[in-house]
Engineer: 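Here it is, the structure, as structure tokens.
To find a chain, count down the sequence lines: A is the first, B the second, and so on, and within it residues start at 1.
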There are 2 protein chains.
Amino acid sequence: MAKARPRKSRDAEVTRQAILAAATAEFARKGLGGARVDEIAARARANKRMIYHYFGSKEKLFTAVLEEAYGHIRSAELALPLTELEPEKALEELLRFTWTYYLAHPEFLSLVNSANLHKARHVSNSVRFKASGPPFIGMVKSILDRGVAKGVFRAGIDPVQLNITIAAIGYYYLTNRFTGEILFERDFMSKTALAERFGFNLVTILRLVEKRRENETDGVAISAGQG
Amino acid sequence: MAKARPRKSRDAEVTRQAILAAATAEFARKGLGGARVDEIAARARANKRMIYHYFGSKEKLFTAVLEEAYGHIRSAELALPLTELEPEKALEELLRFTWTYYLAHPEFLSLVNSANLHKARHVSNSVRFKASGPPFIGMVKSILDRGVAKGVFRAGIDPVQLNITIAAIGYYYLTNRFTGEILFERDFMSKTALAERFGFNLVTILRLVEKRRENETDGVAISAGQG
DNA sequence: CCTCAGAGTAACCATATGGTTACTCTGGAC
DNA sequence: GTCCAGAGTAACCATATGGTTACTCTGAGG
């Protein structure tokens with residue numbers, strides 16, 4: 001029965017992509033330390049030798065996977081047509097984009113965790129990686145500026161902090177849902193649960209940025225002391 | 001030169017704890033897949049055999065590490081004297097506790113990530129683990145209830161969602177700081193940066209819960225639709 | 001139609017790894 | 001003082017693992 005698999009037709013790019021896709025899945029599922037090169041080769045229906053041929057080492061393959069994952073979300077972000085929307089609506093859409101992207105690409109969340117477990121060592125020298133930061137921040141800043149100009153957002157909000165918070169409230173819920181479901185005895189992934197969480201997050205962000213009275217930049221005293 | 005190390009004195013509990021501490025560090029640093037049993041034994045200055053003697057397997061050791069880590073934060077939480085404080089102040093102290101705990105115990109964050117990478121499989125049957133959920137939630141709920149009674153918090157806030165958000169905004173900033181520092185070209189861990197983040201988070205939470213007008217339960221329209 | 005860069009393969013290797021075997025030693029109970 | 005449960009040790013094992021060697025085959029360019 002075991003008919004010898006026909007030699008794969010020669011196409012460097014196809015093979016490279018297959019390896020990258022297989023590696024993305026494997027690293028996301030098991031982390032860098034738990035991922036197996038043999039398993040990646042098998043998933044990619046490629047020979048293990050090809051991995052070393054195209055990527056050099058397991059760690060460099062990990063770098064390539066991270067670069068691609070960040071590149072992907074960056075492209076999707078940049079394609080968002082937020083400038084056409086009113087600032088409140090633009091912020092909501094940005095939050096929704098983040099949320100739906102995380103839901104559609106759980107492997108991205110896992111890869112970010114893995115990258116940070118290793119102190120981002122695998123991307124610290126990556127030009128491609130570094131390029132995926134600034135665009136998003138510019139977007140948030142522009143929304144904030146427009147909101148302030150329109151008089152609906154308070155001034156002085158740090159776009160980086162806001163950006164981190166937007167990511168955090170979606171990200172944490174999704175990546176830590178397994179322990180969360182046990183501790184809180186609640187289904188985190190039902191349609192209702194997801195809608196509830198999104199609604200909660202939207203309220204969180206809108207309340208955070210909204211301006212409440214004339215000449216008031218921040219209604220809450222900032223007591224930032226850390227001891 | 002190599003004087004044989006004197007046989008360690010017999011103390012089961014001391015050895016068990018040393019192994020647990022070493023395993024906590026190793027799992028936190030490298031994840032479950034990247035951690036090495038030999039390395040844990042060496043760090044604990046124990047014989048590898050002892051690990052299997054006390055814990056049975058690498059995975060069961062991982063379970064023990066998670067149980068202990070969650071047990072530790074739970075104890076610390078329960079020791080918080082929040083009932084004596086006004087609700088606004090109690091919420092602030094809860095946020096501060098979470099933040100300072102995360103800062104003092106970075107290994108906890110990493111272990112939570114690892115547990116969830118493996119879909120919480122290692123703790124899903126752990127009674128000890130399950131016990132660490134409810135207390136915290138009860139605490140948040142009680143603070144919210146007191147705040148509503150006092151007329152300073154809006155009604156209808158889900159304590160579980162609030163709890164998740166409190167954790168998220170600190171946790172995400174800290175665990176993903178390595179990629180964050182590259183992407184945002186900013187120091188995340190300087191005294192100033194930490195104080196800024198805490199201040200931002202405090203504003204986020206206080207604005208989220210505060211009541212703004214009489215008879216108003218939620219000033220922001222909840223559009224929770226997910227499409 | 002020939003050529004050959006380089007795509008693809010299988011078998012192999014040194015070492016690392018989780019786990020075990022077979023043993024010795026110690027300190028508290030009597 | 002004697003005993004022995006069980007704490008502690010070293011050497012070992014089968015297998016898995018990242019990486020390499022030595023090779024064949026193919027298809028685009030001339």
Side-chain angles (χ1 to χ4, degrees), chain A residues 2-66 114 117-118 121-122, chain B residues 2-66 114 117-118 121-122:
Chain A
K3 202 160 141 193
R5 186 183 299 158
R7 180 170 271 248
K8 190 190 275 183
S9 67
R10 299 160 56 86
D11 190 326
E13 198 46 36
V14 165
T15 302
R16 229 193 83 102
Q17 284 300 324
I19 291 170
L20 214 45
T24 299
E26 176 77 357
F27 285 133
R29 224 188 278 272
K30 302 180 190 165
L32 175 60
R36 297 291 164 246
V37 175
D38 283 310
E39 180 64 24
I40 293 170
R43 273 176 188 269
R45 295 176 156 277
N47 190 283
K48 186 165 55 152
R49 178 68 184 80
M50 290 292 96
I51 291 175
Y52 293 92
H53 185 34
Y54 290 118
F55 300 96
S57 72
K58 187 189 183 185
E59 305 233 332
K60 283 183 193 162
L61 174 57
F62 186 56
T63 296
V65 163
L66 294 178
S114 284
L117 175 63
H118 300 284
R121 169 166 51 90
H122 300 87
Chain B
K3 204 160 139 191
R5 187 184 299 160
R7 179 171 271 247
K8 190 191 275 185
S9 68
R10 297 160 58 85
D11 191 326
E13 198 46 37
V14 164
T15 302
R16 230 193 83 101
Q17 284 301 324
I19 291 170
L20 213 45
T24 298
E26 176 78 356
F27 284 133
R29 225 188 278 271
K30 303 180 190 166
L32 175 60
R36 297 292 165 244
V37 176
D38 283 312
E39 180 63 24
I40 293 170
R43 271 175 189 271
R45 295 176 156 278
N47 190 284
K48 186 166 55 153
R49 180 66 185 81
M50 291 292 95
I51 291 175
Y52 292 92
H53 185 33
Y54 290 119
F55 299 97
S57 72
K58 187 189 183 185
E59 305 231 332
K60 284 182 193 163
L61 174 59
F62 186 56
T63 296
V65 163
L66 294 177
S114 285
L117 175 63
H118 300 284
R121 168 167 52 90
H122 300 87

Engineer: Nearest heavy atom decides the nucleotide; on that basis, is Gly33(A) or Ala12(B) closer to the 5' end of DNA chain D?
Structural biologist: Ala12(B)
Engineer: Please report the closest heavy-atom contact between Ser114(B) and Gly31(B), naming both atoms and the distance.
Structural biologist: OG-CA, 3.7 Å
Engineer: Could you tell me the separation between the OH atom of Tyr52(A) and the P atom of dG8(C), rounded to a whole number of Å?
Structural biologist: 17 Å
Engineer: Check this for me: Arg29(B), atom CZ, are more than 12 non-hydrogen atoms of other residues, nucleotides or ligands nearer than 6.0 Å?
Structural biologist: no
Engineer: Rounded to the Å, how far apart are Ile19(A) CD1 and dA7(C) P?
Structural biologist: 11 Å
Engineer: For Ile51(B) and dA7(D), what is the distance between atoms CD1 and C1' respectively, to the nearest whole Å?
Structural biologist: 15 Å
Engineer: Output yes when at least one side-chain N/O atom of His53(B) is less than 4.0 Å from OP1 or OP2 of dG8(D), else no.
Structural biologist: no
Engineer: How many Å lie between NZ on Lys58(B) and P on dG18(C), as a whole number?
Structural biologist: 4 Å
Engineer: Once you apply a heavy-atom cut-off of 4.0 Å, does Tyr54(A) come out as touching a base, just sugar-phosphate, or nothing?
Structural biologist: sugar-phosphate
Engineer: OP1 or OP2 of dG18(C) versus the side-chain N and O atoms of Ser57(B): is any pair under 4.0 Å?
Structural biologist: no
Engineer: Could you tell me the separation between the CG atom of Asp11(A) and the C1' atom of dA28(D), rounded to a whole number of Å?
Structural biologist: 12 Å
Engineer: Output the rounded distance in Å from CG (Asp38(B)) to P (dC13(D)).
Structural biologist: 16 Å
Engineer: Only one of Lys48(B), Arg43(B), Arg49(B), Lys58(B) forms a salt bridge (charged side-chain N to carboxylate O under 4.0 Å, His left out) with Asp38(B), so which one is it?
Structural biologist: Lys48(B)
Engineer: Check whether any side-chain heavy atom of Tyr54(A) sits under 4.5 Å from a side-chain heavy atom of Leu61(A), and report yes or no.
Structural biologist: no
Engineer: Side chain of Val37(A) only, heavy atoms from C-beta on: which candidate in dG18(D), dT17(C), dA7(C) is closest?
Structural biologist: dG18(D)
Engineer: Between the side-chain atoms of Lys48(B) and the base atoms of dG19(C), is any donor-acceptor pair under 3.5 Å?
Structural biologist: yes
Engineer: Go through dT9(C), dA7(D), dG6(C) for me and flag the one nearest to the Asn47(A) side chain.
Structural biologist: dT9(C)
Engineer: What's the CZ-P distance between Arg45(B) and dT9(D), to the nearest Å?
Structural biologist: 11 Å
Engineer: Ala41(A) near the nucleic acid: base, sugar-phosphate alone, or nothing, with a heavy-atom cut-off under 4.0 Å?
Structural biologist: nothing
Engineer: Within the distance-only criterion (no hydrogens, no angle test), does the side chain of Thr63(B) pair as donor or acceptor with the backbone N or O of His122(B) below 3.5 angstrom?
Structural biologist: yes
Engineer: Find the distance Met50(A):CE to dA7(C):P and express it as a whole number of Å.
Structural biologist: 7 Å
Engineer: So for Arg49(A) and dT20(D), does any side-chain atom that can act as donor or acceptor lie under 3.5 Å from a complementary atom in the base?
Structural biologist: no
